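Below, chain A is the first sequence line, B the second, and so on; all start at residue 1. This is a predicted model, so every value here is computed, not measured. What you see below is based on every heavy atom in this structure, not just the backbone, and it leaves out hydrogens, waters and symmetry mates.
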Number of protein chains: 2
Amino acid sequence: MKPTSIPDPTVRRLSLYLRELETLWRSDHRTVSSRKLAQALKLTATQIRKDLAYFGQFGQRGIGYDVGELITKIRHILGTDRTWNVLLVGAGNLGTALSAYRGFAKKGFRLVAVFDADPGKVGRPIAGTDDLTIRSIDDIPAMVREHDIRLAIVAVPQEAAQTVAEVLVSAGVRGLLNFAPVSLDVDAAVAISSVDLAVQLEQLSFQVGSQP
Amino acid sequence: MKPTSIPDPTVRRLSLYLRELETLWRSDHRTVSSRKLAQALKLTATQIRKDLAYFGQFGQRGIGYDVGELITKIRHILGTDRTWNVLLVGAGNLGTALSAYRGFAKKGFRLVAVFDADPGKVGRPIAGTDDLTIRSIDDIPAMVREHDIRLAIVAVPQEAAQTVAEVLVSAGVRGLLNFAPVSLDVDAAVAISSVDLAVQLEQLSFQVGSQP
DNA sequence: TAGTGTGAATGGATTCACAGCC
DNA sequence: GGCTGTGAATCCATTCACACTA
């Protein structure tokens with residue numbers, strides 16, 4: 001891994017490369033060219049080579065890339081070659097669906113606890129998970145310490161999001177995946193990734209709407 | 001609205017401006033400067049002014065922007081000043097959570113039907129919605145025609161996503177919001193917006209991981 | 001021939017600097 | 001004094017062109 005700062009778009013694409021490579025692996029492809037990868041992802045071959053070149057020389061001229069090796073390398077770059085303990089706040093519709101989502105575990109993210117502010121929900125088990133029960137928000141700091149938590153998912157209503165974010169950050173969490181439709185204001189050292197479901201539809205509305 | 005092609009990043013930010021403006025409106029702010037807006041969203045004031053200038057002159061020098069007016073204008077630009085009928089495929093964990101999500105309706109997106117391939121699920125009502133029941137995938141074309149559907153949400157497992165996308169597109173859908181962890185291959189005229197939940201966490205892993 | 005890796009050129013978004021208006 | 005709108009300058013990601021290797 002080189003010392004230079006990596007362009008943000010490159011990091012985003014790295015995840016897509018990994019996803020595609022894993023699919024290729026499952027269908028028994030053991031080598032792939034930047035051109036093939038580009039086709040599948042609707043990017044350019046040069047871009048993929050540039051992106052990978054930020055981190056080293058992974059390919060064989062004339063041959064392409066070794067799928068298994070590249071998977072290992074990208075996982076290492078992204079930091080997903082180990083297990084991350086993750087915690088989730090907000091046991092509403094979305095929160096419980098996310099708790100039961102298998103895709104996280106497949107990528108090495110293990111959900112260790114779910115929290116909700118509603119005392120009526122505390123203690124209730126979450127369907128579709130092995131043995132998770134809803135905990136009180138007050139237990140967050142202890143859980144963060146106990147399980148070395150660095151990442152958390154925020155799936156609470158807009159009004160509660162900023163407060164929850166502050167609790168998490170002051171407990172020591174370093175990255176937040178935010179589903180609340182609000183821009184969180186936290187220390188700049190904390191990484192934030194946001195998914196606003198309505199915003200996604202608005203983008204489509206714009207693109208489709210400007211067509212007849 | 002000008003004829004020039006709008007930068008993609010600008011369109012993405014437009015949604016954020018709208019969200020922030022709606023929050024300001026609820027807290028009784030009736031005017032706002034680009035600097036205030038920039039602070040809240042962690043952007044630069046110039047960028048906001050440039051973005052808005054693509055579409056016209058909405059501000060008052062010395063004063064700022066009228067919150068209500070700007071909301072109206074941005075909604076018009078995004079095409080959300082009308083109701084969009086939307087359809088959702090995949091009544092698993094995530095799909096049912098999305099069906100019950102109130103945020104879509106607030107932004108003018110009305111979910112009119114939910115589909116699933118599992119015959120055992122067809123006919124079952126969806127909790128948290130008024131009167132939606134799960135329908136057979138075969139009914140998609142009829143529903144698209146009947147309700148003038150242009151946007152659809154894909155919340156099916158990876159293996160099913162490409163097929164579902166093709167069914168939707170050939171039925172006439174113009175934009176897809178895809179939650180399956182796969183890159184969909186459809187006609188270039190179809191707008192696609194993708195949310196891969198695991199990818200979001202990977203991005204955080206990278207950012208947090210490169211810190212000590 | 002098929003394919004990677006990379007400096008140089010290009011293109012497009014962001015920021016600067018400032019004119020113009022309240 | 002405060003703030004918008006915008007050409008010019010800057011910055012940064014993408015693409016081009018090609019040396020190099022299997």
Exercise. When you get a sec, tell me which of C:dA19, C:dT15, D:dT14 is the closest nucleotide to the side chain of B:Gln47?
Key: C:dT15
Quiz item: For B:Arg35 and D:dG5, what is the distance between atoms CZ and P respectively, to the nearest whole Å?
Solution: 16 Å
Quiz item: Salt-bridged, A:Arg19 to B:Glu202, with N to O below 4.0 Å?
Solution: no
Quiz item: Nearest-Å distance, CG (B:Asp51) to C1' (C:dA13)?
Solution: 10 Å
Quiz prompt | Rounded distance in Å - CZ (B:Phe55) to C1' (D:dG5) | solution = 15 Å
Quiz item: Does B:Arg49 have a side-chain nitrogen or oxygen under 4.0 Å from the phosphate oxygens OP1 or OP2 of D:dT4?
Solution: yes
Quiz item: Taking for each residue the nucleotide of DNA chain C bearing the nearest heavy atom, is the 5' side occupied by A:Gly59 or by A:Gly62?
Solution: A:Gly62
Practice problem: State plainly whether the residues B:Glu69 and B:Lys73 are in salt-bridge range, i.e. N to O under 4.0 Å. | Solution: yes
Quiz item: Rounded to the nearest Å, what distance is computed from the CG atom of residue A:Leu52 to the C1' atom of nucleotide D:dT14?
Solution: 15 Å
Quiz item: Does a side-chain N or O from A:Gln60 land closer than 4.0 Å to OP1 or OP2 of C:dT4, or not?
Solution: no
Quiz item: Would you say B:Tyr65 reaches D:dG2's phosphate, i.e. side-chain N/O to OP1/OP2 under 4.0 Å?
Solution: no
Self-check item: Whole-Å distance separating the NZ atom of A:Lys42 from the P atom of D:dT14
Solution: 18 Å
Practice problem: Classify the side chain of A:Arg61 versus the base of D:dT21 as yes if they form a donor-acceptor pair under 3.5 Å and no if they do not. | Solution: no
Self-check item: Atom-to-atom span, CD of A:Gln39 to P of C:dA2 - whole angstrom
Solution: 14 Å
Quiz item: Which listed nucleotide (C:dT4, C:dT15, C:dT6) is nearest to the side chain of A:Gln57?
Solution: C:dT6
Quiz item: Under 4.0 Å between a side-chain N or O of A:Arg12 and OP1 or OP2 of D:dA13?
Solution: no
Exercise. Take atom CZ of A:Arg13 and atom C1' of D:dT14, then tell me their distance rounded to the nearest Å.
Key: 8 Å
Quiz prompt | Donor-acceptor pair present, A:Lys50 side chain and D:dT15 base, under 3.5 Å | solution = yes
Quiz prompt | Whole-Å gap separating P (D:dG2) and NZ (B:Lys36) | solution = 12 Å
Quiz item: Mapping B:Ile63 and A:Thr44 onto DNA chain D by nearest heavy atom, which one lands closer to the 5' end?
Solution: B:Ile63
Exercise. May I ask you to say what B:Thr10 touches in the nucleic acid, namely base, sugar-phosphate or nothing, with a heavy-atom cut-off under 4.0 Å?
Key: nothing
Exercise. Check every atom of C:dT15, C:dT4, D:dT15 against the side chain of A:Thr46 and return the nucleotide holding the closest atom.
Key: D:dT15
Quiz prompt | Test: B:Arg13 and B:Glu20 ion pair at under 4.0 Å | solution = no
Quiz item: Looking at B:Ile63, B:Leu24, B:Leu70, which one forms a side chain to side chain contact (heavy atoms under 4.5 Å, CB included) with B:Thr31?
Solution: B:Ile63
Quiz prompt | Worked check of side chain to side chain donor-acceptor pair (under 3.5 Å) between A:Asn85 and A:His147 | solution = CA-CA 7 Å; A:Asn85 287 337; A:His147 290 97; 5.9 Å; no
